[in-house]
Asks: 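Sharing a structure, written as structure tokens. Questions coming.
Naming: A, B, ... by sequence-line order, numbering from 1 per chain.
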There are 2 protein chains.
Amino acid sequence: MRGRNQRKPVAPPGISDAEWKVMNVFWDRGPSTLREVVESLESGSDWKPRTVQTLIRRLVTKGALSVEELGREFRYTPVFSQADCQLDESRSFLGRVFDGRLVPFLAGMVESEKIPQEEIEALRRLLDEAEKRQSPSE
Amino acid sequence: MRGRNQRKPVAPPGISDAEWKVMNVFWDRGPSTLREVVESLESGSDWKPRTVQTLIRRLVTKGALSVEELGREFRYTPVFSQADCQLDESRSFLGRVFDGRLVPFLAGMVESEKIPQEEIEALRRLLDEAEKRQSPSE
DNA sequence: ATCCATAGATTACAAACGTAATCCATGAGG
DNA sequence: CCTCATGGATTACGTTTGTAATCTATGGAT
């Protein structure tokens with residue numbers, strides 16, 4: 001069991017709903033042991049520690065977490081950045097539900113959710129930046 | 001707290017990946033028979049007709065499609081609007097992946113995808129509208 | 001030295017999913 | 001009338017997911 005899954009696949013693996021909750025803890029805390037994750041999850045989920053362990057193990061198998069021995073426990077570390085996985089999910093979501101198109105997605109959101117004013121402004125700033133980056137002042 | 005809530009049977013049921021492809025056909029075409037759906041899917045999937053039939057049946061069981069007899073075939077009709085289901089999925093996606101926050105989602109998108117200029121403008125217009133709708137006249 | 005809490009490994013087990021095949025009835029074609 | 005393609009119903013079957021329990025080894029407490 002020395003250095004079992006250490007090579008990094010090129011793409012983030014499919015991460016399920018429950019697994020996302022676990023990965024989010026790792027991305028928040030960085031490398032962590034099972035116990036640390038269980039504690040972090042105590043507020044916000046009613047999973048038994050065994051359940052968390054199962055999810056972690058599956059994430060290791062999938063190549064989403066790497067393992068390193070740390071005394072008698074293991075310490076797990078995310079293999080992919082949160083941003084990479086988020087992007088991956090975003091693409092797959094948009095593809096599945098909105099035929100890959102961003103505009104209808106945002107249209108639905110602003111139409112049905114109340115977006116607070118500051119958020120609207122933040123979104124606008126994002127668009128400004130994107131525009132600048134893409135047409136570099138010419 | 002009014003708003004126009006429609007009394008559909010319930011809320012849109014969970015629709016799986018494969019099922020979305022089928023539902024999208026119904027939303028495009030309106031009420032359709034199995035054969036029509038199979039034909040519509042011919043380009044863009046390599047599913048056997050049986051597979052499509054299974055997916056349709058599951059969607060009926062889930063309450064996402066209603067059935068009506070039409071000669072010796074059945075005609076299936078979406079029970080929920082595409083917009084309702086899209087909204088449902090959007091919320092669940094944002095919750096799972098972005099802690100429910102829209103801004104980081106869009107940040108990731110504009111940072112990693114090249115959004116065409118017209119889309120940026122369309123998105124901006126959406127924000128303008130949202131703003132107007134939410135502060136009718138301050 | 002003994003016993004327990006706990007970690008990891010193994011096993012469980014049903015529901016949902018992807019992807020059909022088989023069985024049965026029937027309308028269309030010969 | 002007999003045959004066949006096709007629709008619906010039933011059945012299939014491996015995989016993934018959610019949610020753990022049991023088994024085994026061991027470091028810490030007594």
Side-chain angles (χ1 to χ4, degrees), chain A residues 1-5 12-25 31-42 44-77 85 89 92-93 95-97, chain B residues 12-26 31-42 44-77 88-89 92-93 95-97:
Chain A
M1 27 208 45
R2 193 108 305 264
R4 265 170 314 186
N5 339 355
I15 294 173
S16 83
D17 210 58
E19 288 162 0
W20 263 94
K21 290 190 191 156
V22 173
M23 287 304 289
N24 281 331
V25 174
S32 312
T33 64
L34 166 62
R35 198 162 28 74
E36 290 166 338
V37 174
V38 167
E39 275 161 24
S40 278
L41 282 170
E42 221 131 73
S45 97
D46 48 358
W47 284 331
K48 304 289 177 298
R50 301 284 95 163
T51 302
V52 179
Q53 196 182 25
T54 297
L55 292 170
I56 288 179
R57 191 176 32 72
R58 285 180 184 169
L59 286 163
V60 170
T61 302
K62 284 184 179 183
L65 290 176
S66 65
V67 204
E68 138 201 38
E69 251 177 290
L70 178 76
R72 82 186 211 77
E73 304 177 33
F74 286 162
R75 183 162 55 187
Y76 307 92
T77 307
C85 292
E89 282 284 321
S92 123
F93 159 73
R96 179 164 33 100
V97 176
Chain B
I15 294 173
S16 82
D17 211 56
E19 287 161 2
W20 264 95
K21 290 190 190 156
V22 173
M23 288 304 290
N24 281 330
V25 173
F26 282 106
S32 311
T33 64
L34 165 62
R35 198 164 29 74
E36 291 166 339
V37 174
V38 167
E39 275 161 23
S40 280
L41 283 170
E42 219 131 74
S45 95
D46 48 358
W47 284 331
K48 304 288 178 296
R50 301 283 96 165
T51 302
V52 180
Q53 197 183 25
T54 297
L55 291 170
I56 288 179
R57 191 176 31 72
R58 285 182 184 167
L59 285 163
V60 170
T61 303
K62 283 184 179 184
L65 291 175
S66 65
V67 204
E68 139 202 35
E69 249 175 293
L70 178 74
R72 80 185 213 80
E73 305 178 33
F74 288 164
R75 183 161 54 184
Y76 308 92
T77 307
D88 207 58
E89 282 284 322
S92 123
F93 159 73
R96 177 162 35 97
V97 176

Asks: With salt bridge (Lys or Arg N to Asp or Glu O under 4.0 Å) as the criterion, how do Arg35(B) and Glu73(B) come out once you've worked through the C-alpha distance, each side chain's angles and the decisive distance to 0.1 Å?
Replies: CA-CA 9 Å; Arg35(B) 198 164 29 74; Glu73(B) 305 178 33; 3.4 Å; yes
Asks: Can you tell me which nucleotide in dG18(D), dA20(D), dG8(D) comes closest to the side chain of Phe74(B)?
Replies: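 Nearest nucleotide to the side chain: dG8(D).
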Asks: Is any side-chain N or O of Lys48(B) closer than 4.0 Å to OP1 or OP2 of dA20(C)?
Replies: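 Answer is yes, contact under 4.0 Å.
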Asks: Please state whether the base of dA20(C) and the side chain of Thr54(B) form at least one donor-acceptor pair under 3.5 Å?
Replies: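 Looking at the base of dA20(C), it does pair with a donor or acceptor on the side chain of Thr54(B) (distance under 3.5 Å).
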Asks: Atom CD1 of Ile56(A) and atom P of dA9(C): how far apart are they, to the nearest Å?
Replies: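 Those two atoms, CD1 and P, are 12 Å apart.
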Asks: Go through dG18(D), dA20(D), dG8(D) for me and flag the one nearest to the Tyr76(B) side chain.
Replies: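 Nearest to the side-chain atoms of Tyr76(B), counting from C-beta on, is dG8(D).
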Asks: Measure CG/Leu65(B) against P/dG8(D) and give the value in whole Å, please.
Replies: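 After rounding, the reported distance stands at 12 Å.
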Asks: Round to the nearest Å and state the distance from Glu19(B) atom CD to dA16(C) atom P.
Replies: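 So the two atoms are 10 Å apart, to the nearest Å.
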Asks: Enter the distance from Trp47(B):CH2 to Lys21(B):NZ here, rounded to the nearest 0.5 Å.
Replies: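 With rounding to 0.5 Å, CH2 (Trp47(B)) is 5.0 Å from NZ (Lys21(B)).
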Asks: Could you tell me whether the phosphate oxygens of dG18(D), OP1 or OP2, come under 4.0 Å of any side-chain nitrogen or oxygen in Ser16(A)?
Replies: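 Answer yes for this pair, as a side-chain N or O of Ser16(A) is under 4.0 Å from OP1 or OP2.
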Asks: Relative to the 5' end of DNA chain D, which residue comes earlier, Arg72(B) or Ala18(A), by the nucleotide with the nearest heavy atom?
Replies: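 Nearest-nucleotide comparison on DNA chain D picks Arg72(B).
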Asks: Can you measure Trp47(B) atom CH2 to dA21(C) atom P for me and round it to whole angstrom units?
Replies: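 Rounding to the nearest Å, CH2 of Trp47(B) and P of dA21(C) are 15 Å apart.
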Asks: Counting heavy atoms from C-beta on, name the nucleotide in dT10(C), dA7(C), dG7(D) closest to the side chain of Arg35(A).
Replies: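 Of the options given, the side chain of Arg35(A) lies nearest dA7(C).
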Asks: Hey, is the side chain of Glu73(B) pairing donor to acceptor with the base of dG7(D) inside 3.5 Å?
Replies: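 Side chain to base: no pair below 3.5 Å.
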Asks: What is the separation between atom CD on Gln53(B) and atom P on dT6(D), rounded to the nearest whole Å?
Replies: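 Atom-to-atom, Gln53(B) to dT6(D), this comes out as 13 Å.
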Asks: Across the strands shown, which category fits Lys62(B) at heavy-atom distances under 4.0 angstrom: base, sugar-phosphate, nothing?
Replies: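 Sugar-phosphate, backbone atoms only, no base.
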Asks: Looking only at the side chain of Thr51(B) (C-beta and beyond, no hydrogens), which of the listed nucleotides dC17(C), dT19(C), dG8(D) gets closest?
Replies: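 Of the options given, the side chain of Thr51(B) lies nearest dT19(C).
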Asks: What is the distance, rounded to the nearest whole Å, between atom CD1 of Ile15(A) and atom P of dT17(D)?
Replies: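 Between P of dT17(D) and CD1 of Ile15(A): 10 Å.
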Asks: If I take atom CG in residue Leu41(A) and atom C1' in nucleotide dG18(D), what distance separates them, rounded to the nearest angstrom?
Replies: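 After rounding, the reported distance stands at 14 Å.
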Asks: I'd like to know if Arg50(B) reaches the base of dT10(D) with its side chain such that a donor and an acceptor end up less than 3.5 angstrom apart.
Replies: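 For Arg50(B), whose side chain was compared with the base of dT10(D), there is no donor-acceptor pair (under 3.5 Å).
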Asks: Rounded to the Å, how far apart are Leu70(A) CG and dA7(C) P?
Replies: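 After rounding, the reported distance stands at 13 Å.
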Asks: Should the pair Glu69(A)-Arg75(A) be classified as a salt bridge under the 4.0 Å nitrogen-to-oxygen rule?
Replies: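 Result for this pair is no, no salt bridge flagged.
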Asks: If I compare all heavy atoms of Ser32(B) with all of Phe26(B), which pair ends up nearest, and what's the gap?
Replies: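 Heavy atoms of Ser32(B) and Phe26(B) come nearest at O-CE2, 3.6 Å.
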Asks: How far apart are the C-alpha atoms of Val97(B) and Trp20(A), what are their side-chain angles, what is the distance that settles it, and do they pass the side-chain contact (heavy atoms from CB on, under 4.5 Å) test?
Replies: CA-CA 7 Å; Val97(B) 176; Trp20(A) 263 94; 3.7 Å; yes
Asks: Is Arg58(B) side chain donor-acceptor paired with the dT10(D) base, going by distance under 3.5 Å alone?
Replies: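 Flag unset: no donor-acceptor pair detected.
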